[in-house]
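Numbered from 1 within each chain, the chains take letters A, B, ... in sequence-line order. Fair warning: this is a prediction, and the values are worked out from it, not measured in the lab.
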Number of protein chains: 2
Amino acid sequence: MKHNFGAGPCILPQEVFKQASQAVLNFNDTGLSILEISHRAPEFVAVMDEAINLVKELLNVPAGYSVVFLQGGASLQFCMVAMNLLPEGKKAAYLETGVWAKKAVAEAKLFGEVEVVASSKDKNYSYIPKDYSISEDNVYFHCTSNNTIFGTQMHSFPQTNVPIVCDMSSDIFSKEINVADFDLIYAGAQKNIGPAGATLVIVKDEILGKSGRKIPSMLDYKIHIEGESMYNTPPVFSVFVSMLNLRWLKAKGGVAQIAKENDAKAAALYMEIDRNPLFKGTTAVEDRSKMSICFVMENPELEKPFLKYAEDKGCIGIKGHRSVGGFRASQYNALPITSVHVLIEAMQEFAEQNA
Amino acid sequence: MKHNFGAGPCILPQEVFKQASQAVLNFNDTGLSILEISHRAPEFVAVMDEAINLVKELLNVPAGYSVVFLQGGASLQFCMVAMNLLPEGKKAAYLETGVWAKKAVAEAKLFGEVEVVASSKDKNYSYIPKDYSISEDNVYFHCTSNNTIFGTQMHSFPQTNVPIVCDMSSDIFSKEINVADFDLIYAGAQKNIGPAGATLVIVKDEILGKSGRKIPSMLDYKIHIEGESMYNTPPVFSVFVSMLNLRWLKAKGGVAQIAKENDAKAAALYMEIDRNPLFKGTTAVEDRSKMSICFVMENPELEKPFLKYAEDKGCIGIKGHRSVGGFRASQYNALPITSVHVLIEAMQEFAEQNA
């Protein structure tokens, strides 16, 4: 039995794997594979509609917002956001909380001025900056809600009149959010949405069409909205599996219910990290992520043996990113709490053996 | 039994569906789904390497060319090509042979001057223009090798010193090509490569880096080449299934062998179209596509009944695009000749019944 703590692409529910596997052989009793049906077939148009409606329902997306599935991952959004929203000669504010935020800054600079309003680089991105102001001459404020590599998460967002753009790749659908607080939300699918290859964008319609820039069709949010996520051939299978996964989430009780489970999983692991004399967390306690839990060992020489010990128990994907070292246990929606317990037991047993 | 003549996403080999379905449950005996493994896992890096090497082997890609798998479909290539290759104030030549070629022109115009060297719009794109010249002040010449909507195909390419960029979305891997004749080839996966969601690019390295333009990272071929198609999270499943499909093609005898089968399938159907008094082709005979076979009925009132008749025999996806009407039978690599025979029989029986 494997316990998949991988950072993404990551674990999805076992029943979603079973349904997806079946649809590769025979989709919806059409006698055809989901891989060979036309994206214009009514059966797939229904899948796309259901996926979009599930996003709206699960997140209570208010009127005036559009939901689209695109390709290219969050990385393509780094440039699309600026290309669509930042007029030449204007300025956007960015909060630099890690590697992905920094990449978003670099791409935005190709299209206008960028003001990094705060950065936690001074302490290797181990906290979320809070004392900063966003001047109103910024066209938008961009932030990354969860930092997979460094293990921090924004548990609140600034109060500002400046439109907020948020990269929620690694914590969307993990907890309740108020979509109306944001003007554009984007997320690569491969954490809590579905398999790699799809990208979700939720955007307030009124902020679009104001950049004064000629935008290539495939990079223009308005074109994808008008095309109902089918301006060109969409990533059919990734959207299909995302739909299955959102159905699973709805059946489970939705975002409020999964948030409780995620809270319990995170609380259990952090409690062990704080209790166990061999381990310690790497981030400011108040900024700890509930999705990406980073920790190291007091004695770095024990890290390799512990990694092996945990892997022998089936815990995979827990090696930390080289920027932080140690361990990173990603606890996405589909990871059962029983997997967290296995990891905790491994930590306890290892501590006894190395007391 | 369904006979899938769909234009794309389209039929893939049944054994590929079986292998893909199995890998969604348990990939490569890892105990994990292909949908939950990290793209950095050695098992997936091996998949990406094999996919790229199969492309190189099956098409005899010469030294000095790079092969990458991207996202966004051929539609994103329309702007990426111009963004990467066309310096501001310079000119590129485009051959307008259909809807996709026209879209490529529109996107390129955002980045420089476009000279449409010839167009077959005058006859609803029913032929491939041949009498045109490409002046050497063009930075590149762009063409579409197969026109899915109109059923034409370029059976030869112009002799020119100008670098040739070719959208081969719908006929790559269907026949032998000399890659050295081209400087950049691109293709959406969803015909003869694999499922929707991946895009193949084969590019001569020396033409890159000369646009003088600052290109967003995700739109810069050089960045994807340096990142070995993993600059960001790739569309894991689409690349995996593409690899399986290219393996199938190799085991079958490669491109030379499939070309023979495609020739036989196309010859059989065109013979029936020409022989059967009820039907007629829509394109110039010398430009007929072997992948996308378009035909109409002498009596348009019989088209709806024939569509139903053919569908009752299991032939699906044969309704023509609204720009041409009538029928379009796409005969991609994985379509067995037995399916073509079923369609031909339906045409013959229908003719007898409506003599």
Original post:
Quick one: of B:Gly8, B:Ala198, B:Ala41, B:Pro216, who has the most non-hydrogen atom pairs under 4.5 Å with chain A?
Top reply: B:Pro216
Between chain A and chain B: donor-acceptor pairs at under 3.5 Å:
unit_1, atom_1, unit_2, atom_2, d
A:Lys2, NZ, B:Thr30, O, 2.5
A:Asn4, ND2, B:Glu36, O, 3.1
A:Asn4, ND2, B:Glu36, OE1, 2.9
A:Ser21, O, B:Ser21, OG, 2.8
A:Ser21, OG, B:Ser21, O, 2.8
A:Ser21, OG, B:Ser21, OG, 2.9
A:Thr30, O, B:Lys2, NZ, 2.5
A:Glu36, O, B:Asn4, ND2, 3.1
A:Glu36, OE1, B:Asn4, ND2, 2.9
A:Gln71, OE1, B:Gly72, N, 2.9
A:Gly72, N, B:Gln71, OE1, 2.9
A:Gly72, O, B:Asn232, ND2, 3.1
A:Glu107, OE1, B:Ser217, N, 2.9
A:Glu107, OE2, B:Ser217, OG, 2.4
A:Gln190, NE2, B:Thr233, OG1, 3.2
A:Ser217, N, B:Glu107, OE1, 3.0
A:Ser217, OG, B:Glu107, OE2, 2.4
A:Asn232, ND2, B:Gly72, O, 3.1
A:Thr233, OG1, B:Gln190, NE2, 3.2

**OP:** Can you tell which part of B:Leu70 gets under 4.5 Å to a heavy atom of chain A, answering side chain, backbone, both or neither?
**Re:** neither
Subject >> Under 4.5 Å from any heavy atom of chain A - which part of B:Leu32 >> reply: side chain
**OP:** Start with the C-alpha gap between A:Val241 and B:Val24, add the side-chain angles, then the distance that decides, and say whether side-chain contact (heavy atoms from CB on, under 4.5 Å) holds.
**Re:** CA-CA 11 Å; A:Val241 181; B:Val24 171; over 6 Å; no
**OP:** Write down the atom of A:Leu25, the atom of B:Phe17, and the distance for their closest heavy-atom approach.
**Re:** CD2-O, 3.9 Å
Subject >> Between A:Val16, A:Ile11, A:Val236, A:Ile215, the one whose heavy-atom pairs under 4.5 Å with chain B are most numerous >> reply: A:Ile11
Original post:
Can you tell me how far the SG atom of B:Cys10 sits from the CD1 atom of A:Ile37, to the nearest 0.5 Å?
Top reply: 12.5 Å
**OP:** Taking ring pair (Phe, Tyr, Trp, His ring centres under 6.0 Å) as the test, write out the residues that go with B:Phe27, two or more places apart.
**Re:** B:Phe240
Original post:
What residue, out of A:Gly197, A:Gly72, A:Ala7, has the most heavy-atom pairs lying under 4.5 Å from chain B?
Top reply: A:Gly72
Original post:
Which residue out of A:Pro9, A:Ala196, A:Ala189, A:Gly314 racks up the most heavy-atom pairs below 4.5 Å with chain B?
Top reply: A:Pro9
Original post:
Which bit of B:Phe111 is near chain A, if near means a heavy-atom gap under 4.5 Å: side chain, backbone, both or neither?
Top reply: side chain
Original post:
What's the shortest heavy-atom distance between B:Ala20 and A:Leu35, and which atoms?
Top reply: CB-CD1, 4.4 Å
